[in-house]
Amino acid sequence: MTLSQEKKALVDASAATTAPGKILMDCAGAHIGGAKRFLDELDRYLATRMPVHLDLIGRGGYLTPRWLLRRELGLAGQDRSIALNNVAFSRRGRERWVLLRNALHFLTADEARELGDGMSRQVHLQVPVVRWTAARADVLVAPTSAMAERVTRLIPEVTGRIVVRLHPASPRSEAHTPRDATILCPVIFSRYKRMTERLRLIVDAAEIVARAGVPLRVIATATAQDVGDANLCQSPYLRLVGPQSTQEVQALAARAAALLYPTRLESFGYPLAEARVNRQPVVAMDTAQNREVAGDALIGYERETAEELATAMLTAMQTRLPQTPVPELNPIRYFDWLLGVTTK
């Protein structure tokens, strides 16, 4: 199958499908970042292959204690309940499934100490609830092997119930035809990501690349307020465009020479998957998790130094990837599996 044929398959609704009984799915909390990107993929899938007995709840809402209580007190009788937001159903559904997609809920002791006040009070309060409901779930879905290892290390009794499935990602409708000497860094700023200090490193690396005779500007999906460093924001090697929708990020990515994903504490990393499915180089730490998600699109660096990052950025700008389908990220395969859909 060619890449263009794979794109066509993503919107092919000709096959008749059936789903197993009644399914309840909670998408509360999917407002930004990877959660919203995942929901976009689900909506695209449901537009063409809507299972007859799917009840999707929580859209636009937040994952609060009140919401969790409300969803549990609804009418029962579902064959499968699926929580897309880390907190498994505790009583609804004969099969309880949960997507575990936040590494902050499963930190090692060393990671927790290193983060310090970088982790919000809200996340601290969520941790025991996430772990307690996960232990009761029938199927736990982790987006990477590393995330699965985090979960089973802290909740060993779920070892036989956890499944690794890479999150789905559709190829862009617009081909990757870089027109700008830019690298896109589509990262949402959060305290624990320490993005301001990473941006300083990135700007230093971009300056090294420029001194080598290759013009470069890094585009970051952040505001000056997010960055909090006036001098850094004025760098000629950095352009801040603020938060962007999925479609806007994809348009910026299509024009860029490469993507940049410098964060370390993630459960998946959608920019890595986006790069892989769109056959675009992505610069990130050379870790087993990043290799699992990005595949051959990864241009890795081992140490967080300006010199190593500059080398990786320069390599990425000069790399062209072959047009190859990526079945591991195919949304139809993923959601058919998650919803138990079978094709007649």
Side-chain angles (χ1 to χ4, degrees), residues 1-11 33-42 44-45 99 101 103 141-148 164-178 182-188 219 221 244 246-247 249-264 266-302 309 312-313 315-335 337-338:
M1 183 189 295
T2 66
L3 189 60
S4 60
Q5 288 172 329
E6 184 182 34
K7 289 180 179 180
K8 181 177 182 298
L10 296 177
V11 293
K36 179 61 169 64
R37 182 67 184 80
F38 184 96
L39 185 59
D40 290 341
E41 288 291 350
L42 175 62
R44 183 172 179 171
Y45 169 89
L99 270 66
R101 52 199 305 172
V141 185
T144 58
S145 300
M147 185 62 186
V164 176
R165 289 270 174 154
L166 298 181
H167 284 335
S170 301
R172 289 187 300 263
S173 57
E174 182 180 3
H176 175 225
T177 53
T182 60
I183 289 181
L184 176 64
C185 181
V187 176
I188 293 175
I219 298 176
T221 53
Q244 304 285 302
T246 297
Q247 293 72 26
V249 168
Q250 290 181 339
L252 288 169
R255 295 192 297 270
L259 301 186
L260 171 62
Y261 197 65
T263 65
R264 298 183 65 178
E266 302 288 347
S267 63
F268 182 65
Y270 248 111
L272 302 170
E274 294 277 7
R276 182 178 181 181
V277 78
N278 288 299
R279 314 308 299 145
Q280 184 170 16
V282 56
V283 176
M285 289 286 291
D286 188 6
T287 65
Q289 177 170 315
N290 288 348
R291 289 192 296 271
E292 181 179 22
V293 179
D296 64 345
L298 179 66
I299 308 297
Y301 56 95
E302 294 185 358
L309 186 55
M313 291 164 71
T315 301
M317 294 182 72
Q318 299 170 343
T319 297
R320 296 292 179 268
L321 297 173
Q323 294 299 298
T324 308
V326 186
E328 297 92 334
L329 299 172
N330 185 290
I332 289 178
R333 279 179 45 167
Y334 182 94
F335 289 115
W337 168 80
L338 184 67

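Below, each value reflects all heavy atoms present in this structure, side chains not excepted, and no hydrogens, waters or symmetry copies.
- Contact check for Thr287 versus Arg264: no side-chain heavy atoms found under the 4.5 Å cut-off.
- Using a 4.5 Å heavy-atom threshold, the side chains of Glu274 and Val249 count as separate.
- Judged by distance alone, with hydrogens and angles left aside, the side-chain atoms of Gln289 form a donor-acceptor pair with the main-chain N or O of Glu266 at under 3.5 Å.
- Atom CE of Met285 is separated from atom CD of Glu302 by 8.5 Å, given to the nearest 0.5 angstrom.
- Two residues are said to be in side-chain contact when any heavy atoms from C-beta on lie closer than 4.5 Å; Asn278 and Pro171 meet this criterion.
- Arg44 has its side chain within reach of Ser170: a pair of non-hydrogen atoms, C-beta onward, lies under 4.5 Å apart.
- Taking 4.0 Å as the cut-off between side-chain N and carboxylate O, Arg279 and Asp296 count as a salt-bridged pair.
- The shortest non-hydrogen separation linking Leu259 to Pro271 is CD1-O, 3.6 Å.
- Within the 4.5 Å cutoff, the side chain of Leu99 has heavy atoms near those of the Leu338 side chain.
- With a 4.5 Å cut-off on side-chain heavy atoms, Pro186 and Gln244 do not count as touching.
- Scanning all heavy atoms of the two residues, the minimum distance from Thr144 to Ser267 falls at OG1-O, 2.9 Å.
- Taking the charged nitrogens against the carboxylate oxygens, Lys36 and Asp40 do have a contact shorter than 4.0 Å, which makes a salt bridge.
- Here the CD atom belonging to Glu292 is positioned 12.5 Å from the CE atom belonging to Met147, to the nearest 0.5 angstrom.
- From Ser173, atom OG reaches atom CD of Gln247 across 9.5 Å, with rounding to the nearest 0.5 Å.
- Atom CG of residue Asn290 and atom OG1 of residue Thr263 lie 7.5 Å apart, to the nearest 0.5 angstrom.
- At least one donor-acceptor pair closer than 3.5 Å links the side chain of Arg101 to the backbone N or O of Gly34.
- Closest approach of Ala148 to Ala142, counting heavy atoms only: N-CB, 3.7 Å.
- Here the shortest heavy-atom pairing between Val282 and Leu260 reads CG2-N, 4.5 Å.
- Of all heavy-atom pairs between Ala273 and Val293, the closest is N-CG1, 3.6 Å.
- A donor-acceptor pair under 3.5 Å links the side-chain atoms of Gln280 to the main chain of Ala253, judged by distance alone.
- If you take CG on Leu252 and CD1 on Ile219, they are separated by 5.5 Å, rounding to the nearest 0.5 Å.
- You'll find the side chain of Leu166 reaches within 4.5 Å of the side chain of Arg276, heavy atoms only.
- Across Tyr45, Tyr270, Phe335, Phe268, a single residue satisfies ring pair (Phe, Tyr, Trp, His ring centres under 6.0 Å) together with Phe38, and that is Phe335.
- Put simply, OG1 on Thr246 and CG on Leu39 are 9.5 Å apart, with the number rounded to the nearest 0.5 Å.
- In this structure, Tyr334 and Glu41 have side chains that are not in contact, with every pair of non-hydrogen atoms separated by 4.5 Å or more.
- When every heavy atom of Leu272 is checked against every heavy atom of Ala284, the shortest pair comes out as CD2-CB, 3.9 Å.
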